[in-house]
Amino acid sequence: MRQKYFTGRLLMIAIAVFLYLPIVIMIVFSFNSSKSRTVWTGFTLEWYSALFRNELIMSSLYTTILVSLLAAAIATVLGTAAAIGFSRMRRGTRQFFLTVNNIPAVNPDIITGVSLMLLFVFIRSVTNIELGFFTLLLAHITFNVPYVILSVMPKLRGLNKHLFEAALDLGATPIRAFWKVILPEIMPGVVSGALMAFTLSIDDFVISYFTAGSSVQTLPMTIFAMTRKRVSPEINAISTLLFTTVLLLLIVINVAQHRDQKKQKQKQ
Amino acid sequence: MSKDLIRLIDCVMVFDDDVILDKINLTIKNQEFLTLLGPSGCGKTTTLRIIGGFETPTSGDVFFDGVRINNVPPHKRRVNTVFQKYALFPHLNVFENIAFGLRIAKVREDEIKTRVLESLALVGLRGYEKRRVHQLSGGQQQRVAIARAIVNRPQVLLLDEPLGALDLKLRKEMQIELKAIQQQVGITFIYVTHDQEEALTMSDTVVVMNNGVIQQVGTPQDIYNEPQNAFVADFIGESNIIGGIMNADRDVTFAGKRFECVDTGFGKDENVDVVIRPEDFIVTEDGGQMSGIVRSVTFKGVHYEMMIDAEGFGWMVHSTLSQPVGAKVGLSVKPFDIHIMRRETSE
């Protein structure tokens, strides 16, 4: 028994090492004072300060944050509205739309990226909308919406269906009833959907790569370009920052969901 | 008490080819306590939802105070609803739940406070303002739901099986309280229930429904003592229902015997339903209009319930005196306790 337990533990540690060692090495060497990727020569913040002096990195960081914020905000509005629409459908129709909704989530990014690019190129041939920030934003909204829907749907399902009617009954217009009664109830789902969308957007490389055109670059695109040209510890530094940001966001989402579940349990 | 407040005229409701309501005609007077009573699926809740504005009838008209309100949305109607599962707002505390309607109506803050506290006092929940909704028991949530509706001073309060989720003892207390509240605030209550006892206890008027059709409208006494058909008789209290033939006015044959009754206006040899309440039998040790044998005796608290075989039928009889099983007894019924009903066209 004890022996088995021991090997199990060992295996777990091995898996953790495999998964996280590369990231740990990357973080450690982002503080390495020489350009070596193998020998530790001393601690420095040089690469981090170099980042902020690198215009290309700063402008792509700005693009990433802007596109992520906008895409997350717009996708949250659209996704919440869609989820409310789904919840009012008959069971069969709803099931159909939910399945359709899940397709982009499991679809390989490269397919989504290429197909969106083809669409935008076609649009360019008809109108004069060039591939650029706008198409990048549209692409990000597109792949974010399904995750928002998935996050809001369960909250809507758990809702007492008479809550909305009760608000109308007490004199609220349908719009007011939504703001004052439905939205507060589904808020945890909306917030975690928004955070999820923001995380996915910051993180995305493949779809951005195909839809941003040549005029704009997101941070992951810049990192990718940098690894191809010259190897610089700046990459370690920027990747560390990106990793930390996404990790923090994921922790926030998880904590928020956990708290919400606890609250639900208390209510019952 | 005399003014007509709500009128439903030929209201038909069809969902997916299912006829939920079939030409409902109903007049509801101001300040009355009216109960829609019937088994589940009889259309009582749909009728209530039409009055509340949550459903629009497929055809027919709804009038409120003389104005047609078919297409008036719920938030513009002077009615408030107490929902079956309360539908309190979980993110608001008790005070804010009750204040919801007043805040929408932009009532002044100090008036909101007075009125919320007033209605909390009315339902006996003073001091609970700060509580969260999920900290309350079912009965307390029920009271908050009533206070939330009443605080808006609606002309009509709609109640959709409001006591259904409560246990029997609490339900009985709330029945009495609800009636008291209704008399105190003096507004029309329209109450939906499938519990016949609840309907008889509280109502001024009972509307018995079945399969989307109104079976009978009347006072509780009317409904109980003079059911218009076998469905009403069976649904309201327990009944013995048996086929019979009218020989002439005030003369009916059933169970192979002739009985004197008080009903007139039937055709000679017309097939009818005869209804006799279990408590209306007179049990004697011998003699009587029918003679029978006691098959079973069950103690029910106030009375004994006996199944008595007589003249080829099994009769349910309630009596405060029990007879031993197997005893020979006589059964008699007074003429005015024999209720004759036109036979429903068999389906």
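Letters A, B, ... mirror the listed sequences (proteins, then strands); counts begin at 1.
In this structure, chain A has a heavy atom under 4.5 Å from the side chain of R49(B), while its backbone stays farther away. For R77(B), no part lies near chain A; criterion is any non-hydrogen pair under 4.5 Å. Both the backbone and the side chain of K180(A) have a heavy atom closer than 4.5 Å to some heavy atom of chain B. For N152(B), the part lying under 4.5 angstrom from a heavy atom of chain A is the side chain only. For L88(B), the part lying near chain A is the backbone, with the side chain staying farther off; criterion is any non-hydrogen pair under 4.5 Å. The parts of A167(A) that come within reach of chain B are both its backbone and its side chain, each placing non-hydrogen atoms under 4.5 angstrom from that chain.
Interface with chain B: from residues 80-107 of chain A, residues R90(A) qualify, criterion being any non-hydrogen pair under 4.5 Å. The stretch residues 59-73 of chain A places none of its residues near chain B, where near means some heavy atom under 4.5 Å from a heavy atom of that chain.
Looking at residues two or more places apart in sequence or on another chain, you find no salt bridge (Lys or Arg N to Asp or Glu O under 4.0 Å) involving E129(B).
Put simply, of G53(B), G101(B), P73(B), A145(B), the one with the most heavy-atom pairs under 4.5 Å next to chain A is G101(B). The candidate with the highest count of non-hydrogen atom pairs below 4.5 Å against chain B, out of M187(A), H162(A), K161(A), is H162(A).
A side-chain donor from one of H91(B) and E185(A) sits under 3.5 Å from a side-chain acceptor of the other.
By the neighbour-count criterion of 12 heavy atoms within 6.0 Å, atom NZ of K85(B) is sparsely surrounded, having that number or fewer from other residues, nucleotides or ligands. By the 6.0 Å contact criterion, OH on Y128(B) is open, its count of non-hydrogen atoms from other residues, nucleotides or ligands being 12 or less. The environment of CD1 in I175(A) is sparse: at most 12 heavy-atom neighbours from other residues, nucleotides or ligands sit within 6.0 Å. Heavy-atom neighbours of R132(B) CZ from other residues, nucleotides or ligands within 6.0 Å: above the threshold of 12.
The nearest pair of heavy atoms linking A166(A) to A87(B) is CB-O, 3.8 Å. Listed here is the closest heavy atom pair of F83(B) and E165(A): CE2-OE1, 3.6 Å. Between A172(A) and H75(B), the shortest heavy-atom distance links the atoms O-CB, 3.1 Å.
For the ring pair (Phe, Tyr, Trp, His ring centres under 6.0 Å) condition, the pairs that include at least one residue of residues 92-117 of chain B, sequence neighbours left out, are F89(B)-F100(B).
By the 4.5 Å heavy-atom criterion applied to side chains, I104(B) and L170(A) are not counted as neighbours. Between P90(B) and L163(A) there is a side-chain heavy-atom pair separated by less than 4.5 Å.
Of the possible polar contacts, none joining the D169(A) side chain to the G52(B) backbone as a donor-acceptor pair under 3.5 Å is found.
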